[in-house]
Amino acid sequence: MIPVLLLVALGGLMQAAGSVAPTGGATGTLLAFGYLLLAAYFAGRIVERVRLPRLTGYLLAGVASGPFALALVTPQMTARLSIVNSVATCILGLVAGAELDLRRVRPLLRTVRAVLLLAVIGSMFVLAALLYALRGALPMFGALDGTAAIAVCAVVGVALVPQSPAIVMALLAETRADGPLSQTMLAIVVMADLVVVILYSIVAAVASAMLGGGVDVVGTALGVAWELLGSIAFGAALGVLLGAAVRWAPDGAAMVALLVCVVVAEIGPILHLDPLIAMLVAGVWLQNVSRADAHPLVAQFESAQLPVFLVWFALAGMRLDLPQLWALALPVAAIAVVRGLALYAGARIACSRTGAAPVIRAWCGAGLLPQAGLTLALVAALQSSFPTFGGDAAVLLLSVLGINQLVPPVLLRVALVRAGEAGAKRAHDFAADG
Amino acid sequence: MEALASLAPALADDAAATETTVFAAQVIAGLLALVALAYLAGHPRVVALQDRFGVGSVITAGFPYVALGLVASLPSVGILDDGVLDRVRPVLEFGLGWLGFLVGMQLDIRLLDRVPRGTAYLITAESLAPFAVTAAACAAVLIATGVSWRDPALWRDMIVLGAAAAMTAPRRFRGLGDAAWSDGRSADVLVAQLDELIGVIGLVFLTAFFRDPGADAWLLPGTGWLFVSLGIGVAIGVAIFAMIRVPGSNAEFLAIVLGGVAFASGFAVYMRLSPIATCFIAGVLVTNFPNEQRASVLRILQHLERPVHAAFLIVAGALWDVSDWRGWLLVPVFVAARIVGKWLGITASSAVVGGLLPPAFTQGRTLVAPLSVLSIALVLSVAGPGRPAWLLTAILGGALVNTLLVRWTEPRPEPPA
């Protein structure tokens, strides 16, 4: 009862603030941050009562507060929250990387490779074929001929596939899950991000040529190489830097790591580097290569990551455009279902063929279903590279993303509980005594 | 993904590529400097050296962070440029609110029942005299440099300088999270805690009566905004009081405390009121309403002290424009006027209530007392576009000079026999 009353009180206060300066504005950034943090927390507490993941509550708080529902938080207020979102992405990347213990993942590499091939890459073909079949019901195809339609299907098919390390991390943290399934899922979603980025850039270049726009193949290749290899190299340098901080200044290491996340979030786009990849690599380096004991640092970050999840997911929920989702309900539902089935079936086949443990075979596919940050990045890239159909494609992608943010986390939570890995990890308590 | 969208323009253009490489080198150098700073800050020899030279107080210990922000904002370095500063401004606003909440959380109203008779006069005299003398002296200097006394901005700035001078930090003060006075602690701590109250009250009036109306839908007089300011603090304080009863773990407390302070602070900023004052009122309510969560909230606040304080000081350093000579001109005036004001306050309180107060309250009162970190927060809370840059120089410079003077004037410990 208290969480419900508090949500109402917070909503009332936001309404009151809005009545003073109805247009909102940049001065509302901190207000929006505080409100989303609290609203997401209490919404999470409420949905937990009905045995849904708290994460679903965080997203629903964003949906309800966003411009397409109660409009308590305006787009002007959240414009500058992009920095919070970027920093949160970096923190999630660092922790996800540091969670990846390559010694534990190495025996599972065969399975990981097979899942990437059959589930992730295989789903791209399935989704492209589905889009082609549905092209009469989707405005983005307009009057495109067969070849052009195939090109569009290929690009959008790739953009529909990405997974979400952030959601998997959040669920693992919420359920305190650990074990072979958790490690495999995390390894797959982290590597799938890299695979999708590479494939998207290749498919986008080919599609651009097929659509007659012409393409600078060398420029694209250099751009992709810089973004990927540059991010990896930059991430490794950051890993060395953080390792030095952990070894020589253990008391200030968390502060240094936080500032590194802020700096990388700020300068990543300027340097044309991917902050998520850079911080993932930094985390992997810290955990697996550096001689520094990164556990205290990672434990500190893990114990303090709840606010990061709250704001990150509430902001993600705010982007869900309900009227658009309603307008495209049938094709979006079909795509979401087929995507889920293709990923799940692909993962299951891959696990069976590589002799993975039964628990991984049964539940690994559930980790591939949620979508979040990378899809948003691909939407932006697609709109910029393909102005003719990018806008309509973005509507479709964001609608599918909305469904895949809300429903799959529930399945993933069930998977972790059924697999017996929930509660296996000791929680690091922030500011614990002693 | 930027590169995918733009087909690698940075690599296609040699000039841009060179610029990018230089920028990347600057960033790496900046990060290395950061690690070096963290290493040095925690090194036992540096800590010992700080103690030896008396730079252990919060203000002087924080100066490396201010310097880091200042250097990062230089055009030749370009890490914290105007665009970035604009985006990270909420960090500063959060820091101000966090400080106000922490100061409020440590003010147990019941302590007022335990202080000796005459303390109120002592606090009032020792705060108001430096306030009045500093404000008057700085005003005289500014008028001499051509500022009109009819300009309302002059009066606003004088209130800021006076309020900053009024607030003191205890002489041996480590950490903001340990500022609560209790029986047996030095009278310095009590005086510091209570005169911060006067600074906060001054800030409430300042932001209500000198408020920028912007494009508000509400048209209220200054008095109206004064009540709105108090009302917001109370409403959010009650909400936070209810919220802290929900969490079950420290991680959840962290989310609630961060969210509560950000919400209170953000609300005040959105209404163009003071985040320090609003969060202070909320903090006082949370600590004085009966609850069992007070210790948990304080633990979170203390745990966050270093990162919030450092981030706050880095942004403060980046906002500091050291080029305005008027600020440097005011530093000696500010310091000298504050000492004179302190002397007047101590003389007056000794004469009037000296007989009522225990010796610990009247003896050993010092003319040179370190500035409270709330003084810097106060000037930062009124800083911004269109506000004078020299105010920050006057108070940051004054704080540094004051702390060094404290070290030089305090009695040396007796050498062991």
Side-chain angles (χ1 to χ4, degrees), chain A residues 2-3 6 9 13 17 19-22 27-31 33-35 37-38 41 45 80 83 200-201 204 216 219-220 222-224 226-227 237 241 244-245 248-249 251-252 255-256 258-260 263 266-267 269-272 303-304 306-307 310 377-378 380-381 384-385 429-432, chain B residues 1-8 10-12 20 23-24 27-28 30-32 34-35 38-39 41-42 79 84 87-88 90 93-94 214-218 235-236 239 242-243 245-246 249-252 254-256 258-267 269-271 299-300 303 306-307 310:
Chain A
I2 291 179
L6 284 168
L13 284 166
S19 70
V20 179
T27 54
T29 306
L30 188 59
L31 176 64
F33 173 80
Y35 167 77
L37 213 161
L38 295 171
Y41 172 74
R45 293 287 298 220
R80 285 203 300 185
I83 175 73
Y200 177 82
S201 51
D216 174 7
T220 306
L222 281 174
V224 174
W226 169 251
E227 178 159 343
L241 191 80
W248 296 332
D251 289 344
M255 184 69 200
V256 171
L258 182 63
L259 287 173
V260 164
V263 171
E266 267 298 316
I267 57 110
I270 299 171
L271 295 175
H272 303 279
S303 66
L306 178 63
L310 288 167
L378 292 181
S384 158
S385 309
D429 201 1
F430 182 84
Chain B
M1 299 315 299
E2 190 95 358
L4 302 181
S6 57
L7 301 179
L11 294 173
T20 303
F23 183 68
V27 169
I28 297 284
L31 289 174
L32 284 171
L34 190 66
V35 175
Y39 171 68
I79 294 175
V84 176
R87 284 198 294 283
V88 299
E93 294 161 358
F94 175 80
D216 288 353
W218 291 9
I236 296 179
M243 286 174 201
R245 307 175 92 82
V246 178
S249 67
N250 277 327
E252 292 179 29
L254 171 69
I256 292 294
L258 272 182
V261 172
F263 187 71
S265 192
F267 209 103
V269 171
Y270 195 71
M271 309 283 264
R299 189 163 60 234
I300 297 292
H303 208 81
R306 275 185 68 191

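The chains referred to below are lettered A, B, ... by the order of the sequence lines, with proteins before strands, and numbering in each begins at 1. Everything numeric in this text was worked out from a predicted model, so none of it was measured.
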Completion exercise
Counting heavy-atom pairs under 4.5 angstrom with chain A, the leader among B/Val246, B/Val269, B/Ile236 is B/Val246
Practice task
Taking all heavy atoms of A/Pro307 and all of B/Ala255, pick out the closest pair and write down the distance.
Solution key: CG-CA, 4.0 Å
Problem - For B/Ala242 against A/Ile2, the heavy-atom pair lying closest together - result: O-CG2, 4.4 Å
Exercise for the section: Drop me the distance from A/Leu306's CG to B/Ile256's CD1, to the nearest 0.5 angstrom. Expected result: 9.0 Å
Problem - Member of A/Leu30, A/Leu38, A/Leu37 meeting the side chain to side chain contact (heavy atoms under 4.5 Å, CB included) criterion with B/Phe263 - result: A/Leu38
Problem - Non-hydrogen atoms of B/Ala262 and A/Phe33 that approach each other most closely - result: CB-CD2, 3.7 Å
Practice task
Measure A/Leu13 against the heavy atoms of chain B and call it side chain, backbone, both or neither at under 4.5 Å.
Solution key: both
Practice task
Name the option with the most non-hydrogen atom pairs under 4.5 Å to chain A; the candidates are B/Glu93, B/Arg245, B/Met243.
Solution key: B/Met243
Problem - Per-residue contact mode, A/Tyr35 against chain B (heavy atom under 4.5 angstrom) - result: both
